[in-house]
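Only one structure is covered here, and it is reproduced in the block below.
Values below: all heavy atoms of this structure, side chains included; hydrogens, waters and symmetry mates excluded.
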Amino acid sequence: MNAVVSQESLASPLAADKAAQLHRLLEGLAPHELYWVAARSAALAARGPQPAQVQAAATTERVTVLYGSQTGNARRVAEQLAKKLEASGLPARLVRADAYPQRELTQERQLFVVISTQGEGEPPDDARGLVDFIAGRRAPRLPALRYAVLGLGDSSYPQFCLIGRQLDARLAELGATRLDPLAEADVDLDEVAAPWTAKALERAREVLKAPAAAVRAPLLQAVPSHAAHDRENPFAAAVLANQRIVSRDSAREVLHLELSLEGSGLSYRPGDALGVWPRNPPALVWQWLELLRLDGEAEVTHGDRTLPLARWLAEERELTRLARGFALAHARTSGDAALVRLLDDPATLSTLLDTHQPIDLLRRHPGRWDAAALVAALRPLTPRLYSIASSAAAVGDEVHLTVATVDYQAFGERHWGAASAFLAASAEDARVPVFVEANERFHLPADDARDVIMIGPGTGVAPFRGFVQERRESGARGRNWLFFGNRHFSDDFLYQVEWQEALKQGALHRLDLAFSRDGADKVYVQHRLRERGKELYAWLSEGAHLYVCGDATHMARDVHAALVDIAAEHGGLSREDAGAWLADLLQQGRYARDVY
C-alpha cells in the first residue's frame, strides 16, 4: 500500500536558513523540473561524501551563472549558457539572484551575470537584495573574481540596461576583473545574447583549461517537458470567447478572452503569463506605406529571409513602440537638425519615447526611407505577456486573459496597441499564437494554510481570478483577501459577479474596493490599504503572502510606500526598519510583484 506523506510530516535535517533557501528554489519549479532535482539529488547522495580538498575545489573551480529576471528573458538566456557549459564538461551552477548565498561571493572565481532592467531603471524583484548588497557598504573586495555581465533592457525606456551597467561598474570597483566588456541587449536580445553566450563559453574553457572538444554527458538528463510549444514555436490557440466586461460608458475597453489549449501539451500555474505573438493593425501598416510612399508588395530581403514589405511591417517589425535606436536612425536619414538636437537632450528624449509612436516621429520630422533600410532599422516585433486570469483546475484545457485595449487619439491621429488590437479583432474560432511563460516568483504558497492578500487594480486583477479559482478548487485552508480598484463602480467593476459569488461561497474572505472617480476625492487601492492597515499588518505578521499586480510606474510605487507606512505605524518600526522588513518579505518570497 502506498503512503502519501505531507510536507509537514517530514522532519527536515537542514538548518533553518538552508531549508528556507531550498523552499524558495523549489517553489517556482514545474513538475518535470522537480523530478529532475529529485533524481539529481539522489545521484549525488549515491556518490557519497567527497574529500575535503575536492569539495573546496568544487567551490572555486567552477562557473556560476547568476540571473535576475522579471519576465523570463534573463532566466532563459542564463539557462542556455548553463546547459552549454555543462555539455562542454565544465562544472557550472545556475542560480537565481534571490537564492544566491551572498557570503559565497568572495569564493567565486568566475561569474557570468544575466540581469534585466525594469521600468525606470529598477532591478528585477528577484535581484533587489543582491543588487543592494553589491552596491552597499558591506560588499567585500573581490580581487580573485573574473566576471562578465549581460544586461537586458528595452531601449524605448530612457534608463536602458541601467542595472547591468551599475552592476558591471560596481564589480570592477570591488576589484574584480572583466572577462569581457558589458554587453547590452535590446528586445531583439538574441542578436547580442547569442554572441555573448558563445564568448562566455570560450572564456570558461580558457579559465578552467577545458579543451573545446571535451564533451561529457550530464549526470542525469532532465525529464523532458511534454509541451512541444514554446516562445519560438507557439501554439495556435482557438478563441472560444471574446467579450467586453465593462459598460458601454467606460472610458476604456476591457475584454475577457478564453482560448483553447487542447492538444497543445501546454500547462500553467496561476500566476504564470501567456505570451502572445501579435500582428500589427492593418490600418497602421497602411498608414506607414502611405506616409513613406512605399510599395507593400515589394520584396525585401533581410538576413536570410525575403518577404513582401507589407508582411514585414504587419508580422515582423515593431510599429507601436518608439525606441531610441530607430529615432537616431531616422534623425540621420531625415537630416533634421532639430531632431538631432532633441535626441541629444535626455529629458526631452525620455518624454519623446514615452509619448510618441514611431509613426508620430515620421509625421513630425519627414524623411525618405527605402524599404530595405526601413526593415533593417525597425526592431523585431516581440511577444506580449499577459497575466493568466484562470486556473486549469477550474477551466480545464483553457486559458483566460483580461485585456485592456490600447486605442486612443493623439496628435490628431488614431493610435493602437499591437497585441490588444490583434486580440480585440480575434473573433471566435480565430487562432492566436501563444506560449506559456512561467512566473517563478508569483505563485501561490506551497502551504495552502497560508493567508493570501492580493492587490490588483484594473486589469492587474487578472492573476487573482486564477488564484481564487485555484484555492477554491483545491480546498485551500488559508483566507483570501482582495483589494481591487478602478474608475467607476457601475462601469469598470471587472468580474463583479464572480467576486460576489466567491464571497458567498467562502472562496474569498474579504474584498476591499476603491473606485477613484465616484466621489469628490479620488480613492485608490493604497488608500484602502492604509485604512485597513492594522488588520493588514496582523495578517502579514501571522505569515500571510502578499501579491501586487499592475502598473509599475505609479500604482506599485504608491502601494509599496503605503506598505512601508503601515509597517511603521502598526509595527512600531522606524521608516528605515519598515523598509527593511518589507525588503525581507520580498526576499522570502512572501511579497511578490507582477508589475509592468
Side-chain angles (χ1 to χ4, degrees), residues 28-33 67 69-80 83 114 116 124 152 154 185 187-190 193-194 222-242 255-280 314-318 321 379-392 395-403 417-426 429-443 459 462-463 466 549 594 596:
L29 298 184
H32 71 278
E33 294 169 323
Y67 71 90
S69 184
Q70 193 78 18
T71 63
N73 286 331
R75 183 189 73 239
R76 185 164 48 251
V77 174
E79 288 173 344
Q80 291 169 354
K83 289 176 182 177
V114 185
S116 62
L152 273 57
D154 183 339
V187 292
D188 48 342
L189 60 92
D190 286 341
V223 178
S225 168
H226 295 296
H229 298 281
D230 56 19
R231 187 178 189 272
E232 306 308 323
N233 180 33
F235 174 69
V239 177
L240 302 175
N242 186 349
L255 305 173
H256 173 79
L257 282 93
E258 299 179 359
L259 307 175
S260 173
L261 296 181
E262 184 178 2
S264 68
L266 292 172
S267 62
Y268 64 88
R269 298 168 64 186
D272 288 343
L274 192 74
V276 175
W277 280 100
R279 298 184 183 92
N280 286 309
E315 302 176 16
E316 303 290 337
R317 286 297 178 264
E318 181 60 74
R321 293 178 175 175
R379 298 192 302 176
L381 187 61
T382 56
R384 299 333 194 223
L385 298 181
Y386 288 93
S387 299
I388 292 175
S390 57
S391 162
V395 303
D397 54 7
E398 297 179 11
V399 62
H400 297 178
L401 301 179
T402 310
V403 178
S420 65
F422 172 60
L423 291 171
S426 298
D429 294 328
R431 295 282 175 167
V432 176
V434 302
F435 61 94
V436 172
E437 186 72 51
N439 193 347
E440 294 177 331
R441 289 176 52 85
F442 208 77
H443 291 149
T459 57
C549 182
D594 182 10
Y596 38 83

> Which distance, rounded to the nearest 0.5 Å, do you find between the CD of Gln80 and the CG of Asp190?
Replying inline: 7.0 Å
> Checking side-chain contact (heavy atoms from CB on, under 4.5 Å) against Leu423, which of Val432, Val239, Leu255, Leu259 comes through?
Replying inline: Val432
> Hey, what's the ring geometry for Phe435 with Trp277, parallel, tilted or perpendicular (30° and 60° as the breaks)?
Replying inline: tilted
> Would you say the side chain of Ser387 lies within less than 4.5 Å of the side chain of Phe442, judging by non-hydrogen atoms?
Replying inline: no
>> So for atom CG, which belongs to Asp429, do other residues, nucleotides or ligands contribute more than 12 heavy atoms lying within a distance under 6.0 Å?
In response: no
>> Go through it in stages, so that I can follow the logic: the residues are Asp594 and Arg441, the test is side-chain contact (heavy atoms from CB on, under 4.5 Å), and I'd like the CA-CA distance, side-chain angles, deciding distance and then a yes or no.
In response: CA-CA 9 Å; Asp594 182 10; Arg441 289 176 52 85; over 6 Å; no
> What heavy-atom pair brings Phe235 and Ser260 nearest, and what distance separates the two atoms?
Replying inline: CE2-O, 3.4 Å
> How many angstroms lie between CD in Glu440 and CD in Gln70, if you round to the nearest 0.5 Å?
Replying inline: 11.5 Å
> Hey, are the side chains of Arg317 and Leu381 touching, using non-hydrogen atoms and a 4.5 Å cut-off?
Replying inline: no
>> Testing the basics here: between Ala462 and Thr402, what is the closest heavy-atom pair and its distance to 0.1 Å?
In response: CB-OG1, 3.6 Å
> Does a salt bridge link Arg75 with Glu79, judged by any charged N lying under 4.0 Å from a carboxylate O?
Replying inline: yes
> Which heavy atom in Val434 sits nearest to a heavy atom in Ala237, and how many Å separate them?
Replying inline: CG2-CB, 3.8 Å
>> Could you go through Tyr596 and Cys549, starting from their C-alpha distance and side-chain angles, then the distance that decides it, and tell me whether this counts as side-chain contact (heavy atoms from CB on, under 4.5 Å)?
In response: CA-CA 8 Å; Tyr596 38 83; Cys549 182; 4.1 Å; yes
> How many angstroms lie between NE2 in His256 and CG in Leu401, if you round to the nearest 0.5 Å?
Replying inline: 8.5 Å
> If you count the non-hydrogen atoms of other residues, nucleotides and ligands that lie under 6.0 Å from CD in Glu315, is the total more than 12?
Replying inline: yes
> Side chain of Asn242, backbone of Ser426: donor and acceptor closer than 3.5 Å?
Replying inline: yes
> Under 4.5 Å between any side-chain heavy atoms of Leu385 and Leu274, yes or no?
Replying inline: no
> Would Asp154 and Arg379 pass as an ion pair if we require N to O under 4.0 Å?
Replying inline: yes
> Are any non-hydrogen side-chain atoms of Ser390 and Tyr268 less than 4.5 angstrom apart?
Replying inline: yes
>> For Ser116 versus Ala74, what's the shortest heavy-atom pair and its separation?
In response: N-CB, 4.4 Å
>> Main chain of Thr382, side chain of Arg384: is a donor-acceptor contact present, judged purely on distance under 3.5 Å?
In response: yes
> Taking all non-hydrogen atoms of both residues, which atom of Arg231 and which atom of Asn73 are closest, and how far apart?
Replying inline: NE-OD1, 4.3 Å
>> To the closest 0.5 Å, what do you measure between CZ (Phe422) and CG (Asn280)?
In response: 10.5 Å
> Yes or no on side-chain hydrogen bond (donor to acceptor under 3.5 Å, both in side chains) for Tyr386 and Thr459, after CA distance, side-chain angles and deciding distance?
Replying inline: CA-CA 10 Å; Tyr386 288 93; Thr459 57; over 6 Å; no
> Can you name the nearest heavy-atom pair linking Val403 to Ser420, along with the distance?
Replying inline: CG1-CB, 4.0 Å
>> Run the side chain to side chain donor-acceptor pair (under 3.5 Å) test against Ser69 and tell me which residues pass, sequence neighbours left out.
In response: none
